[in-house]
Asker: 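What follows is a single structure, and I will ask about it in a moment.
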Amino acid sequence: MSNITIYHNPTCGTSRNTLELIRNSGAEPTVIFYLETPPAREELVKLIADMGIPVRALLRKNVEPYEQLKLADNHFSDDQLIDFMLQYPILINRPVVVTPLGTRLCRPSEEVLAILPDAQRGAFTKEDGEAVIDENGKRITKI
């Protein structure tokens, strides 16, 4: 184990890619399957504060509870939005990664590279075939 935590959904390609980028740095993170074990209220509030994002930025919009609850309406308070995320964890966007260098919503998965303590150890290609890291562990830049 390491001092890295990922709030993970194994059915999400972005979450799987992020987990593998963490592992490609040589770390084995603590994996929290947040749909099965949602964070406590205090933990969720802390994650949002540590990311420095508005509560609404952590909401997933393309899931059924978002539409049913009419969360696109801006009349909900941050506390109400957090309550909804705790009641329906599928509303929490993912993956969220916590490292000694910061906490970040890793969408796209390459966002995790900015907060990993250790460099990539080798090549990495995302599930969709996009090469992200070369054989020397360096980020491949797009032209």
Side-chain angles (χ1 to χ4, degrees), residues 1-134 137-142:
M1 289 297 182
S2 72
N3 52 0
I4 298 173
T5 300
I6 180 172
Y7 292 82
H8 180 58
N9 179 349
T11 66
C12 170
T14 301
S15 198
R16 290 190 305 268
N17 284 322
T18 301
L19 177 58
E20 291 310 313
L21 280 165
I22 294 167
R23 289 177 171 155
N24 198 44
S25 75
E28 184 54 42
T30 299
V31 178
I32 297 175
F33 298 98
Y34 74 95
L35 293 176
E36 299 166 14
T37 310
R41 179 183 241 329
E42 300 75 30
E43 185 179 359
L44 184 57
V45 168
K46 181 175 178 356
L47 289 170
I48 293 166
D50 289 351
M51 286 186 279
I53 62 172
V55 171
R56 190 167 281 284
L58 192 59
L59 273 177
R60 284 191 67 216
K61 296 175 177 69
N62 61 343
V63 292
E64 192 173 310
Y66 186 87
E67 294 297 324
Q68 286 178 333
L69 297 168
K70 301 186 185 323
L71 294 179
D73 298 346
N74 282 326
H75 68 273
F76 294 104
S77 70
D78 286 352
D79 283 338
Q80 288 173 310
L81 294 174
I82 288 168
D83 287 341
F84 287 132
M85 284 189 261
L86 294 171
Q87 185 176 0
Y88 303 99
I90 193 70
L91 287 169
I92 302 171
N93 213 340
R94 79 280 177 215
V96 172
V97 177
V98 180
T99 79
L101 301 180
T103 302
R104 194 170 279 205
L105 173 61
C106 295
R107 298 192 71 77
S109 53
E110 297 90 321
E111 286 290 316
V112 77
L113 297 171
I115 59 170
L116 288 177
D118 297 312
Q120 296 289 289
R121 294 187 171 183
F124 179 79
T125 301
K126 291 164 86 171
E127 291 179 3
D128 66 4
E130 179 187 351
V132 177
I133 306 294
D134 69 18
K138 301 293 179 205
R139 177 97 185 254
I140 298 171
T141 55
K142 297 178 191 176

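Side-chain atoms are counted along with the backbone in the values below, which use heavy atoms only and exclude waters and symmetry mates. We count residues from 1, following the sequence as given.
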Asker: I'd like to know if the side chain of Q120 and the backbone of L21 have a donor-acceptor N/O pair within less than 3.5 Å.
Answerer: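 Judged by distance alone, yes, a pair lies under 3.5 Å.
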
Asker: Does this structure show an ion pair linking E67 with K61, if we count only N-O contacts that are shorter than 4.0 Å?
Answerer: no

Asker: Please answer whether the main-chain N or O of I22 pairs with a side-chain N or O of S25 as donor and acceptor at a distance below 3.5 Å.
Answerer: yes

Asker: If every non-hydrogen atom of S15 is compared with every non-hydrogen atom of Y7, which pair is closest and at what distance?
Answerer: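 Looking at all heavy atoms of both residues, the closest pair is OG-O, 4.3 Å.
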
Asker: Judged by atom type as modelled, is there a donor-acceptor pair below 3.5 Å linking the side chain of R16 to the main-chain atoms of H8?
Answerer: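 No; zero donor-acceptor contacts below 3.5 Å.
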
Asker: Looking only at the side chains, is there a donor atom on one of Q68 and Y88 sitting less than 3.5 Å from an acceptor on the other?
Answerer: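 The criterion, which ignores hydrogens and geometry beyond distance, is not satisfied for Y88 and Q68.
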
Asker: Working note: N9 + T11, criterion side-chain hydrogen bond (donor to acceptor under 3.5 Å, both in side chains); need CA distance, chi angles, decisive distance, verdict.
Answerer: CA-CA 5 Å; N9 179 349; T11 66; 2.7 Å; yes

Asker: What are the two closest heavy atoms between S109 and T18, and how far apart are they?
Answerer: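 Looking at all heavy atoms of both residues, the shortest contact is CB-OG1, 3.1 Å.
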
Asker: If the threshold is 4.0 Å, N to carboxylate O, is there a salt bridge linking R104 and D50?
Answerer: no

Asker: I'd like to know whether I48 forms a side chain to side chain contact (heavy atoms under 4.5 Å, CB included) with T103, so could you lay out the CA-CA distance, the side-chain angles of the two residues, the decisive distance to 0.1 Å, and finally the verdict.
Answerer: CA-CA 9 Å; I48 293 166; T103 302; over 6 Å; no

Asker: I need the minimum non-hydrogen distance between G13 and E127, along with the two atoms involved.
Answerer: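 Taking G13 first and E127 second, the nearest heavy atoms are CA-OE1, 3.9 Å.
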
Asker: Considering only heavy atoms from C-beta outward, does the side chain of M85 approach that of R41 to under 4.5 Å?
Answerer: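 SC-SC contact between M85 and R41 ruled out.
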
Asker: In Å and rounded to the nearest 0.5 Å, what is the CG to CD1 distance from L44 to I92?
Answerer: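 L44 atom CG to I92 atom CD1 measures 5.0 Å (nearest 0.5 Å).
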
Asker: Only one of L116, N3, I115 passes side chain to side chain contact (heavy atoms under 4.5 Å, CB included) with P100; say which it is.
Answerer: N3

Asker: Quick one: OH on Y34 to OG1 on T5, what's the gap to the nearest 0.5 Å?
Answerer: 15.5 Å

Asker: Keeping the roles fixed (side chain from D73, backbone from H75), state whether a donor-acceptor pair exists under 3.5 Å.
Answerer: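 No, because the side chain of D73 does not come within donor-acceptor range (under 3.5 Å) of the backbone of H75.
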
Asker: Going through the checks in order, is the side chain to side chain contact (heavy atoms under 4.5 Å, CB included) test met by V45 and V55?
Answerer: CA-CA 8 Å; V45 168; V55 171; over 6 Å; no

Asker: Would you compute the distance between atom NZ of K126 and atom CG of N17 and round it to the nearest 0.5 angstrom?
Answerer: 6.0 Å

Asker: Is the shortest distance from a Lys or Arg side-chain nitrogen in K46 or E43 to a carboxylate oxygen in the other one below 4.0 Å?
Answerer: no

Asker: Determine whether V63 and R60 make a side-chain contact, defined as any pair of heavy atoms from C-beta on separated by less than 4.5 Å.
Answerer: yes

Asker: Walk me through it: do F76 and F84 pass the test ring-ring contact (aromatic ring centres under 6.0 Å, His included)?
Answerer: CA-CA 10 Å; F76 294 104; F84 287 132; 5.3 Å; yes

Asker: Within the structure provided, determine whether I90 and P65 are in side-chain contact (heavy-atom separation under 4.5 Å).
Answerer: yes

Asker: With distance as the sole test, does R121 use its side chain to make a donor-acceptor pair with the main-chain N or O of N24 at under 3.5 Å?
Answerer: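 Pair absent, no side-chain N/O of R121 close to backbone of N24.
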
Asker: Please tell me if the side chains of C12 and R107 come closer than 4.5 Å, counting only heavy atoms from C-beta onward.
Answerer: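 Yes - at least one pair of side-chain heavy atoms lies under 4.5 Å apart.
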
Asker: Testing the basics here: between L59 and N93, what is the closest heavy-atom pair and its distance to 0.1 Å?
Answerer: O-ND2, 4.2 Å

Asker: To the nearest 0.5 Å, how far apart are OG1 in T99 and CD1 in I4?
Answerer: 6.0 Å

Asker: Verify side chain to side chain contact (heavy atoms under 4.5 Å, CB included) between M51 and L105, making sure each step is shown before the conclusion.
Answerer: CA-CA 7 Å; M51 286 186 279; L105 173 61; 4.0 Å; yes

Asker: Determine the sole option in P29, P95, C106 for which the side chain to side chain contact (heavy atoms under 4.5 Å, CB included) test with L19 is passed.
Answerer: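 Per the side chain to side chain contact (heavy atoms under 4.5 Å, CB included) rule, the option paired with L19 is P29, out of P29, P95, C106.
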
Asker: Can you tell me how far the CD1 atom of I6 sits from the CZ atom of R94, to the nearest 0.5 Å?
Answerer: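 Answer rounded to 0.5 Å: 11.0 Å.
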
Asker: Got a second to check how far I140's CD1 is from F124's CZ, nearest 0.5 Å?
Answerer: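 The distance works out to 11.0 Å.
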
